[in-house]
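Below you'll find the structure, written out as structure tokens, and then a few comments.
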Amino acid sequence: MINQLISSAENKIKLAENKNLLDVSAIRRHFLFPERGRIVTNNAASTQPPKELLNLYTDLSKDYENVHRGQSNASRYITNLFEESYNIITKFINAPDRRNIVITRNTTEAINTVMYSLLTQFRDGDNIVTTFMEHNSNYVPWYGLCKEILPKFGIKVECRLARFQPQTGELDLTHLKSLVDSRTKIICCIGASNFLGTKIHLHLVKEIADYSGYLQPNGECRSLLLVDGAQLIPGTFTDFHTLNVDYLCFSFHKMLAPFGIGVLCAKQHLLETSLPFLYGGDMIAEGDVSPDYVGYNSLPWKYAAGTPNILGTIISAQALRLLLDLALNPDEQKYFLTTNEFNIQTVEGAMNRISSHIKMLTEKAMYILSRIKGITIYGPKNVNRRTGLISFNVAGCNPFEIAEELNKAGVESRAGCHCATLAHKYLKLDPPASCRLSFYFYNTIDEAEFAAETVNKIVNSKNRIDISLNTNENTLNNGLTK
Ligand SMILES: Cc1ncc(COP(=O)(O)O)c(C=O)c1O
């Protein structure tokens, strides 16, 4: 009897837990890659697009027209969809208003937008603090500003790099704090590392920025904070309002949408008072151009010079609606292509399900990988501190060869420095490379297991070949010396 009670209680717990599990088989029916038998585990580079988003290109093409540039029904229709896309993005990341949103090509362009819009605000003797954990996209623009652009105007600005703990992959906040002072105009920090997988304690970085004492042009006394959210936002609930950072950048091609659209979400007063990044059509106030004066358009259009990637923007925003559907109920289209409202709690619920699934995959793969002799897995040991990527090296194995062998077994991975060149060099990796598996919410637990087991097999068979080569060499040498 007691046993029956226990097992029925256990079943109830399991059922409750199951409610929170993603329906991965149903989710996978929305994609083309399973038909190819592909094991897509290079999602930190780009994710796969659901069929609905690809079909949307064709559907939208029936009313193909430019935005803000015509009086036709088609132009009005596409303009409405385009403008509504800004609202969807705003809601998804809980920004106050669509005036906070700048649409770019990708995260890299979003970061460059900040760099160019602040260019003229830097004062001689200022500094920028970033970290050794950055993707090159959040280091090279600041390097360029400090080493190449500002010196041409006689302005010296230092670019400082905060360290991370090699063993744990955690950002060294004490070191970061020691680099920040009353001349730190901006701190530029990754949200989650694309190499170590570490999620940064952003509220602690924010605290450091807030107490720097830097005098900003509007009288505020603090450093600005830019967060590169490219690896954070696709798998982790991210709320711009709560984070309270100044700039948040990310790319849609890492969260289901096809290539071509990124976002800069910024505090409105910063976009209002900064110079535009690109100058040209549509970013000017209607009719306000004369030989001596140009008036800018209101936000968000001040940062939308030239004909934008219209279809890309609409489809990327719909990718967010579809992501909610896939996470919450993949058999129903409650949000995709509808006008149904969603709030931040809906997004949080969906993203938490996605995070839990990715965590489960990562934990499984890390467990298998960690038993491989000679392996080094970079970043935090605790999956709660990580995103869904695992970078590793195995002593005596070339990471590129592992990736090639994985590919032969049908497992897609990435070897290289993943544009985290500073971090690879900081760890003195030679070559500056690692092999990386990265999961998204359409991956199954079997795929995570198979990918990790395949690494294990590759390493074992290489070790066997090495041993037999050594044995042969010894036999040969012995033969020769005799
Ligand atoms: C952390 C991080 N930042 C920036 C980028 C650059 O993104 P994009 O190529 O979309 O500009 C990436 C891409 O891998 C990334 O992982």
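Order of listing sets the numbers, starting from 1, for every ligand and every atom in it.
Using cut-offs of 30° and 60° for the angle between ring planes, the Y86 and F82 rings count as perpendicular.
Among residues at least two apart or in separate chains, there is no salt bridge (Lys or Arg N to Asp or Glu O under 4.0 Å) pair with a member in residues 187-204. Pairs of residues two or more places apart, or lying in two chains, that qualify as ring-ring contact (aromatic ring centres under 6.0 Å, His included) and include a residue from residues 405-435 are F132-Y426, F164-Y426, F195-H424, H418-H424.
Under the ring pair (Phe, Tyr, Trp, His ring centres under 6.0 Å) criterion, H135 pairs with no residue, sequence neighbours left out.
Scanning both residues, M351 and I233, for their nearest heavy atoms gives CE-O, 3.4 Å.
E405 CD to C397 SG: the interatomic distance, rounded to the nearest 0.5 Å, is 10.0 Å.
Sorted by chain then number, the residues whose non-hydrogen atoms approach ligand 1 to under 4.0 Å are N106, T107, T108, H135, S137, I190, N194, D228, A230, Q231, S251, H253, K254.
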